[in-house]
There are 2 protein chains.
Amino acid sequence: MLSNPYDRNCPTRQLLDRIGDQWTVLIVGALSAGPLRFTEIARRVDGISQKVLTQTLRSLVRDGILTRTAYATIPPKVEYELTSLGRNLSEPLDVLDQWARRHMTAVQEARDAYDAEHTPASA
Amino acid sequence: MLSNPYDRNCPTRQLLDRIGDQWTVLIVGALSAGPLRFTEIARRVDGISQKVLTQTLRSLVRDGILTRTAYATIPPKVEYELTSLGRNLSEPLDVLDQWARRHMTAVQEARDAYDAEHTPASA
DNA sequence: CGGTATCCTGTAGGATACTG
DNA sequence: CAGTATCCTACAGGATACCG
């Protein structure tokens with residue numbers, strides 16, 4: 001049972017607010033192998049728009065999940081790297097991953113069964 | 001490191017799609033103590049609208065996370081209860097909860113520091 | 001009681017163009 | 001390269017009213 005989930009300030013709710021959006025998980029995953037430049041991340045997290053990547057990175061930096069290092073070269077170079085906080089975030093993410101791999105097929109089957117049941121037996 | 005997070009069908013992404021929305025976690029949390037009726041859930045998960053509660057409950061039933069049992073009495077009575085799948089979902093949720101309790105203050109501090117740093121030293 | 005149906009709004013986020 | 005600025009749209013989700 002979760003602590004006090006009906007409290008808006010419940011840490012778990014805050015955490016879910018943070019990682020609930022897909023991009024965060026993907027970015028943290030991408031950086032788990034080591035620091036990357038902006039464009040590198042964009043390439044790996046396929047489908048993300050530049051705007052959203054920028055926003056998400058900034059907010060992750062703000063939250064102390066990763067650091068941003070800009071090199072005053074030409075052309076510019078900016079590297080993003082997980083902090084220790086960000087690195088140990090992969091722990092709960094792994095647990096999630098394991099649960100998902102173990103049970104998501106069951107969820108999928110439940111969906112299929114439900115949909116079959118609730119589809120008006122076409123024709 | 002997560003399995004293949006850039007795949008839309010990656011089970012972890014699907015799971016996060018599912019639990020990423022706050023309400024799901026709150027509802028599962030509310031039901032973890034035992035079955036509840038619609039109105040009971042609405043009362044406990046404060047702030048949720050009837051529409052969204054209905055939608056979320058239906059989709060949780062579809063996913064095999066919980067069951068819906070309607071009693072043909074007057075007035076009607078409908079009970080929602082976690083399935084075994086739904087019950088063991090609380091495992092990863094607990095891990096999330098623990099991470100959050102351990103580290104969310106660090107996140108908060110990082111935010112405060114960032115905001116102080118990036119606030120244009122008013123006045 | 002436990003919904004459904006309808007309307008309405010805010011906003012997340014994509015596409016595009018421009019810049020230090 | 002690594003952004004910012006602007007415009008635009010789809011849709012999540014609230015409020016309200018009604019129904020079996």
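Throughout, a chain's letter reflects where its sequence line sits, starting with A, and its residues are numbered from 1. The shown structure was predicted, so the numbers you read here are calculated from the model rather than taken from an experiment.
- Checking dG3(D), dG13(C), dC1(C) against the side-chain heavy atoms of P75(B) singles out dC1(C) as nearest.
- Between the CD atom of Q50(A) and the P atom of dT6(D) there is a distance of 16 Å, rounded to whole Å.
- For the helix from dC1(C)-dG20(D) to dG20(C)-dC1(D), the end axes, each set by the C1' atoms of five terminal pairs, are bent relative to each other by 50° (nearest 10°).
- For Q108(A) and D112(A), the side-chain atoms include at least one donor-acceptor pair closer than 3.5 Å.
- When distances are taken from the side chain of P76(A) to each of dG14(C), dG3(D), dC1(D), the shortest belongs to dC1(D).
- Taking CG of L57(B) as the start and CZ of R62(B) as the end, the distance is 14.5 Å to the nearest 0.5 Å.
- dG3(D) atom C1' lies 10 Å from atom CG of L53(A), rounded to whole Å.
- The one candidate from V45(B), D46(B), I41(B) that meets the side-chain contact (heavy atoms from CB on, under 4.5 Å) condition with L26(B) is V45(B).
- Listed pair R43(B) / dG2(C) fails the phosphate criterion, with no side-chain N or O lying under 4.0 Å from OP1 or OP2.
- To the nearest angstrom, C1' of dA12(D) lies 15 Å from CG of D21(A).
- Computed from coordinates, the I74(B) CD1 to dC1(C) P distance equals 14 Å when rounded to whole Å.
- One interatomic measurement links the two molecules: CG of L36(A) to P of dA2(D), which rounds to 11 Å at whole-angstrom precision.
- If you measure from atom CG of L57(B) to atom P of dG2(C), you get 11 Å, rounded to the nearest angstrom.
- Here the side chain of K51(B) is nearest to one of dC1(D), dG3(D), dA15(D), namely dA15(D).
- Residues R18(B) and S59(B) have side chains that bring a donor and an acceptor to within less than 3.5 angstrom of each other.
- One finds a side-chain N or O of T39(B) lying less than 4.0 angstrom from the OP1 or OP2 phosphate oxygen of dG2(C).
- Distance CZ (R58(A)) to C1' (dG3(D)): 9 Å, rounded to an integer number of Å.
- Using a 4.0 Å heavy-atom distance criterion, Y71(A) is classed as making no nucleic acid contact.
- Between Y114(A) and H118(A), the ring planes lie parallel to each other; the angle is under 30°, not in the 30° to 60° tilted range.
- Following chains of ILVMFWY side-chain contacts shorter than 4.5 Å, one cannot reach V95(A) starting from L15(A), and the two form parts of different hydrophobic clusters.
- Distance check: I27(B) CD1 to L53(B) CG gives 5.0 Å after rounding to the nearest 0.5 Å.
- Checking dG14(D), dG3(C), dT4(D) against the side-chain heavy atoms of Y80(B) singles out dG3(C) as nearest.
- Note on R37(A): a side-chain N or O is less than 4.0 Å away from OP1 or OP2 of dA2(D).
- Nucleotide dA2(D) holds its C1' atom 14 Å from the CD1 atom of I48(A), rounded to whole Å.
- Looking at heavy-atom distances under 4.0 Å, Q55(B) makes no contact with the nucleic acid at all.
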